[in-house]
Visitor: 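There's a structure below that I have some questions on.
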There are 2 protein chains.
Amino acid sequence: MTNQRYGQFCGLARAAEIVGQRWTLLILRDLSVGPRRYSDLLAGLPGIPTNTLAGRLKELEEESLLARAVASEGERSIVYGLTPRGKELIPVLDALSRWGAGGMRSPREGEIVTTASLVAALRVAAGDGIAPKAWNTRYTIRVGDVEINVIMRDGIIMVGPGAAEDPDLVITAGPQIRDLLAGELDAVTAIKSGAVQLEGDPMLLERFAEVLRVPYSPFAPVSLQ
Amino acid sequence: MTNQRYGQFCGLARAAEIVGQRWTLLILRDLSVGPRRYSDLLAGLPGIPTNTLAGRLKELEEESLLARAVASEGERSIVYGLTPRGKELIPVLDALSRWGAGGMRSPREGEIVTTASLVAALRVAAGDGIAPKAWNTRYTIRVGDVEINVIMRDGIIMVGPGAAEDPDLVITAGPQIRDLLAGELDAVTAIKSGAVQLEGDPMLLERFAEVLRVPYSPFAPVSLQ
DNA sequence: CTGGATCCTCAACGATACTG
DNA sequence: CAGTATCGTTGAGGATCCAG
């Protein structure tokens with residue numbers, strides 16, 4: 001499977017030959033959350049053909065963006081994880097993610113939220129990952145049947161898949177969570193309108209919305225000059 | 001021409017639907033240098049089929065990343081230029097470019113340097129675009145038959161296509177210019193080895209190499225954990 | 001000459017079935 | 001669970017042609 005080449009001695013062209021292939025960016029996004037098995041990736045990327053996934057994983061391994069490893073002793077299952085070279089790409093994925101989110105308003109027909117997409121979105125929203133030191137809070141965020149956690153601890157924000165243990169606040173929302181992160185919907189309105197449902201202290205949603213904030217640039221079609 | 005979709009309500013997925021198509025990133029790179037005509041783009045992207053270019057331009061216009069305009073009064077030619085939404089993508093292109101450059105060593109068989117690729121590379125190398133205020137210098141850089149200019153003025157670095165007017169230094173080099181920017185080749189060695197030829201004060205190359213510097217991360221294939 | 005449109009071919013992608 | 005195998009479909013590649 002010889003990658004298509006652009007024939008230019010250019011960093012962007014080289015990058016495009018790798019990440020410009022269909023599904024590759026989403027595979028990398030899923031792996032950016034943590035090492036995953038083949039079947040995890042397949043489940044997190046609805047619509048990807050199995051041969052395409054297998055081919056991409058092989059190519060990305062050849063490019064040293066990811067490595068395969070046996071999950072644990074005795075297990076037959078294989079996990080794929082990003083190498084340092086692959087991890088270098090995470091800030092770029094996040095920048096692209098932020099740009100793409102600026103063009104999003106509401107889900108199109110049939111669009112879903114996956115665990116990795118929600119983790120990536122909140123990782124972007126967390127920005128530099130710094131919160132006030134005193135805010136030690138554990139959040140679980142539910143969108144559909146997806147659950148992720150956001151932990152603020154000692155001034156650091158961590159985002160990961162799965163519910164938080166003993167959460168201080170459980171936030172259940174639909175795609176409108178995007179508007180909350182975008183600052184287009186404030187916490188009070190979100191609660192009143194029913195856009196989010198809470199289990200726990202509602203004040204903790206204010207902190208959440210204050211720290212996890214994507215300053216999407218306003219997007220208006222314009223003409224040149 | 002209905003774009004392939006990923007079916008996920010995710011910024012990265014939306015971005016990938018647009019910029020993940022073949023040739024799109026390079027078209028945007030060329031336009032990031034400035035507005036260009038159809039034939040300029042065709043010439044700067046050797047190998048692109050005309051129908052692909054036409055199709056991409058149409059899609060990118062629909063997505064409001066670029067706009068078409070009549071070049072100047074009376075002219076029949078059309079120029080394509082980035083909209084603000086398209087320009088928001090330039091820092092992302094630069095980040096991707098930098099990442100890709102980290103995996104580059106020497107040109108592969110048949111790889112060429114184009115005007116836009118060289119401008120983009122030096123724009124990345126210029127980083128935040130700041131130089132010492134006293135360094136008012138005009139450079140012309142030649143690689144093959146490509147000529148671009150780098151102007152340092154009042155602490156600002158500007159990079160553009162075409163030779164500089166009345167340059168203080170003309171730098172002629174091959175692909176080894178990449179090593180100079182990467183800091184893997186210092187100015188003195190570059191001159192002695194003949195990797196670069198100069199017309200003007202050789203000391204000005206030191207300034208050039210000092211300010212235009214891409215801190216590529218070392219790249220070594222490794223295994224997981 | 002610029003700015004495409006058309007046609008044909010072929011490699012890559014997509015869907016499904018199947019296997020060690 | 002982790003992929004191959006098979007086969008149909010789509011989009012890219014390449015050449016040519018055409019209108020303003």
Side-chain angles (χ1 to χ4, degrees), chain A residues 1-8 13 16-27 30-31 35-63 66-81 110 224, chain B residues 1-8 13 16-27 30-31 35-62 66-81 110 112 224:
Chain A
M1 188 175 287
T2 165
N3 273 0
Q4 274 288 26
R5 298 197 165 160
Y6 288 108
Q8 299 193 5
E17 289 171 3
I18 300 172
V19 304
Q21 301 215 96
R22 192 148 163 71
W23 289 107
T24 297
L25 281 169
L26 295 196
I27 291 169
D30 277 30
L31 291 179
R36 291 288 178 270
R37 290 176 307 171
Y38 187 88
S39 49
D40 298 331
L41 293 168
L42 213 52
L45 300 168
I48 192 174
T50 64
N51 50 0
T52 298
L53 177 57
R56 292 293 179 275
L57 290 174
K58 200 166 294 180
E59 290 163 14
L60 291 173
E61 191 183 1
E62 279 166 15
E63 299 286 345
L66 59 81
R68 19 158 74 218
V70 173
S72 53
E73 62 288 349
E75 294 283 336
R76 312 193 326 104
S77 66
I78 293 161
V79 291
Y80 295 87
L224 188 59
Chain B
M1 189 175 290
T2 164
N3 274 1
Q4 273 287 26
R5 299 195 166 163
Y6 288 106
Q8 300 193 4
E17 289 170 4
I18 299 172
V19 305
Q21 301 217 93
R22 191 148 163 70
W23 290 108
T24 297
L25 282 168
L26 295 195
I27 292 169
D30 276 31
L31 291 178
R36 290 288 178 271
R37 291 175 308 172
Y38 187 88
S39 48
D40 298 331
L41 293 168
L42 213 51
L45 300 168
I48 192 172
T50 66
N51 51 358
T52 298
L53 177 58
R56 291 294 179 274
L57 290 173
K58 201 166 292 178
E59 291 164 11
L60 291 173
E61 191 182 2
E62 281 167 13
L66 59 82
R68 19 157 74 218
V70 174
S72 53
E73 64 288 347
E75 295 284 337
R76 311 184 330 97
S77 66
I78 294 162
V79 292
Y80 296 87
I112 61 168
L224 188 59

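Naming: A, B, ... by sequence-line order, numbering from 1 per chain. Reckoned from all heavy atoms, side chains included, excluding hydrogens, waters and symmetry mates.
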Visitor: With no angle test and no hydrogens, is the base of dG3(C) tied to the side chain of N51(B) by a donor-acceptor pair under 3.5 Å?
Guide: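 Between dG3(C) and N51(B), which were checked side chain against base, a qualifying N/O pair under 3.5 Å is absent.
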
Visitor: Would you say dA2(D) has OP1 or OP2 under 4.0 Å from some side-chain N or O of R36(A)?
Guide: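 No, no such contact exists.
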
Visitor: Counting side-chain heavy atoms from C-beta on, which of dG4(C), dG3(D), dC13(C) comes nearest to I78(A)?
Guide: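 Closest of the options to the side chain of I78(A): dG3(D).
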
Visitor: With no hydrogens and no angle check, do the side chains of E59(B) and Q21(B) hold a donor and an acceptor under 3.5 Å apart?
Guide: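 Yes, side-chain donor-acceptor contact under 3.5 Å.
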
Visitor: Would you say K58(A) reaches dT4(D)'s phosphate, i.e. side-chain N/O to OP1/OP2 under 4.0 Å?
Guide: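 Affirmative; the distance criterion is met.
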
Visitor: Has Q21(B) got a side-chain N or O lying under 4.0 Å from the OP1 or OP2 atom of dG11(D)?
Guide: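 Q21(B) to dG11(D) OP1/OP2: no side-chain N or O under 4.0 Å.
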
Visitor: Rounded to whole angstrom units, what separation is found between the CZ atom of R22(A) and the P atom of dT10(D)?
Guide: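 Going from CZ in R22(A) over to P in dT10(D) covers 13 Å.
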
Visitor: Tell me the interatomic distance from Q4(A), atom CD, to dG11(D), atom P, rounded to whole angstroms.
Guide: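 One finds 16 Å between P of dG11(D) and CD of Q4(A), rounded.
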
Visitor: Establish, yes or no, whether the cationic atom of R22(B) lies under 6.0 Å from the six-membered ring centre of Y6(A) and within 45° of the ring axis.
Guide: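 Ring-cation test returns yes.
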
Visitor: Which nucleotide in the list dG14(D), dG4(C), dG14(C) gets nearest to the side chain of W23(A)?
Guide: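 Within the option list, the nearest is dG14(C).
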
Visitor: Which part of the nucleic acid does S39(A) contact within heavy-atom distance under 4.0 Å: base, sugar-phosphate only, or nothing?
Guide: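 Counting heavy atoms under 4.0 Å across all strands, the contact made by S39(A) is with sugar-phosphate only.
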
Visitor: Could you state the atom-to-atom distance from OH of Y80(B) to C1' of dT2(C) in whole Å?
Guide: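 It works out to 10 Å between those atoms.
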
Visitor: Quantify the bending of the helix from dC1(C)-dG20(D) to dG20(C)-dC1(D) as the angle between its end axes, each fitted on five pairs, to 10°.
Guide: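 The end axes of the helix from dC1(C)-dG20(D) to dG20(C)-dC1(D) are about 30° apart, to the nearest 10°.
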
